[in-house]
There are 2 protein chains.
Amino acid sequence: MSERVVPATARQRRRPTKQGVVLSGELIVETAMRLIEEHGADALSVRRLGRALGADPSPLYRYFRHTDELMLAIADELIGRTLRGWRPTGDWRADLRELGLRMHAGALAHPRAATLSAHRVTGRTYEIQAVETILGILRNAGFPDAEAVRVYHAFVDQALAYGALDSASTALPKPARDAEADVWRATYARLPATSHPHIAATARHLVASMRNSSYPAALDLLLTAAEARLAQSRAGKRLVGD
Amino acid sequence: MSERVVPATARQRRRPTKQGVVLSGELIVETAMRLIEEHGADALSVRRLGRALGADPSPLYRYFRHTDELMLAIADELIGRTLRGWRPTGDWRADLRELGLRMHAGALAHPRAATLSAHRVTGRTYEIQAVETILGILRNAGFPDAEAVRVYHAFVDQALAYGALDSASTALPKPARDAEADVWRATYARLPATSHPHIAATARHLVASMRNSSYPAALDLLLTAAEARLAQSRAGKRLVGD
DNA sequence: TTCACAGGTCAACGGTGTTGTCATAAGGTG
DNA sequence: CACCTTATGACAACACCGTTGACCTGTGAA
């Protein structure tokens, strides 16, 4: 069995499927994202994707080695869409804040695709572009290389982690989400002070607080800490310098 | 069809399976966790679980409505184990740090349960116990109720978000996980400085840093911020006091 | 000792990812 | 324009998955 997957550039015969669709890596990724957004993450299966494309599932394996590789392609497309339209202002802190909020918003806008792809390193074009951009912001701001990487890592992990967390509940079917919200009111808010004094004392705050995302606060926390580090490293450099 | 799932207390006839095993909710959860620990997250399926128990898969549905409910039970057991053996020292910051690290480690040990439960509230006994414990630490440390809830929320979300993020890769099939680890070395570390100057300049640091979780750093950041808030609120109270 | 029925077994349904084999039309060549 | 190669899509099969309905049997109360 020679190579099953043929790179896009090496493809020569664009043969339409029985239903007249001309397949391509892009079309497959596009259709997959549409499927996820419209019918939920569970709706994405090789067979359903084939059906949605108007093709047999098996030729998909001539474009992606396995489902996982397709997932990575979807993830990268998501990154690309998130970055599209963004322009740096030159203020590193403002830029990072904007990027973080965009990534978070992007995850919320494509909740199902986000939950699927948040934890993967794609190594594809858009992701590489994003990494280069963020590292550039930090290094241009004056962060030493090692420190820039540390901040980059913390920043990206945080955006991905909260993006996945917050979009996961968005992706739940409505009744499940309502049931979820009710647990705080129906279960926690009713615990007696005798057995659970701390929960009982704060029940009102709990019900109110657990509805909102804690990401913006966490992001600002991170940026403030980074700023402090930057000031430190500048002071150190001045000392060593001359 | 009357109720299929019978609550543990209402069970009356303990009938052994063909292979002589007496089923119970506890035994099922225990076996499921053992399966995950011994053969990876992928090894957990209703059918395999049945086989491991020495029983047909179908009676499991007399104990849990569906796989999801089993996962929640596993998640709660996970919380229970996390707390078991932990003793408060009286130093709120050290206690929270220890709890956070334990939660994170627990998530890594049981990735599938962690991923599932990160954005869900189980409302089960161990979860309630954990909420009560954490709120108690904060209130005893002197955090006012509203502030205690705010810190609680940030702390828990962070632990869950990073737990899910970091454990998601653990839940991947082995080949995918290996490929993942290689992307930084094989793809990023080889980008030319001409096209990607910032990545090229920091490649060495990237390869080293991206292996580790950024959770411990993020946790310390959060605790430091909380400590500052606590000092502020104490100062405010003194002012208002007399 | 009897006997209702709880709690097992069994078989089946419709789904999944993936692969080996086959048919056919695309597109270069004479 | 006809031919031929072969790239690429179709088909069928495999082994798995979660879940359910029908059935059987041993438990434990009467």
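Letters A, B, ... mirror the listed sequences (proteins, then strands); counts begin at 1.
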Distance test, side-chain N/O of [X] to OP1/OP2 of [N], below 4.0 Å:
X	N	result
K18(B)	dT25(D)	no
T67(A)	dT18(C)	yes
Y63(B)	dG8(C)	yes

Taking atom [atom2] of [N] as reference, at what distance in whole Å does atom [atom1] of [X] sit?
X	N	atom1	atom2	answer
H66(A)	dT16(C)	NE2	C1'	16 Å
L23(A)	dA25(C)	CG	C1'	15 Å
Q19(A)	dC11(D)	CD	P	10 Å
R4(A)	dA10(D)	CZ	P	13 Å
D42(B)	dG17(C)	CG	C1'	13 Å

#### Entry: Candidate nucleotides dG17(C), dT16(C), dG8(C), ranked by approach to the side chain of R51(A) - the nearest
dT16(C)

### Query
If you check the D56(B) side chain, which of dT18(C), dG18(D), dC10(C) turns out closest?
dC10(C)

### Query
Salt bridge between E30(B) and R34(B), side-chain N to carboxylate O under 4.0 Å?
no

### Message
Regarding dG7(C), can its base be found pairing with the side chain of R15(B) as donor and acceptor, where the two atoms are less than 3.5 Å apart?
### Response
yes

### Message
Is there, by distance only and without an angle test, a donor paired with an acceptor across the side chain of R62(B) and the base of dG8(C) below 3.5 Å?
### Response
yes

## Note on the structure
Residue pair P57(B)/R47(A) against DNA chain C: nearer the 5' end by closest nucleotide is P57(B)

### Given DNA chain C, 5'-ward residue of the pair S45(A) and R65(A), judged by closest heavy atom
S45(A)

### Task
Would you please say whether a donor-acceptor pair under 3.5 Å links the side chains of H196(A) and Q129(B)?
no

### Query
Any donor and acceptor pair, going by atom type alone, linking the side chain of R48(B) with main-chain N or O of D42(B) inside 3.5 Å?
yes

### Residue pair Q158(A) / Y215(A), side-chain heavy-atom distance below 4.5 Å
yes

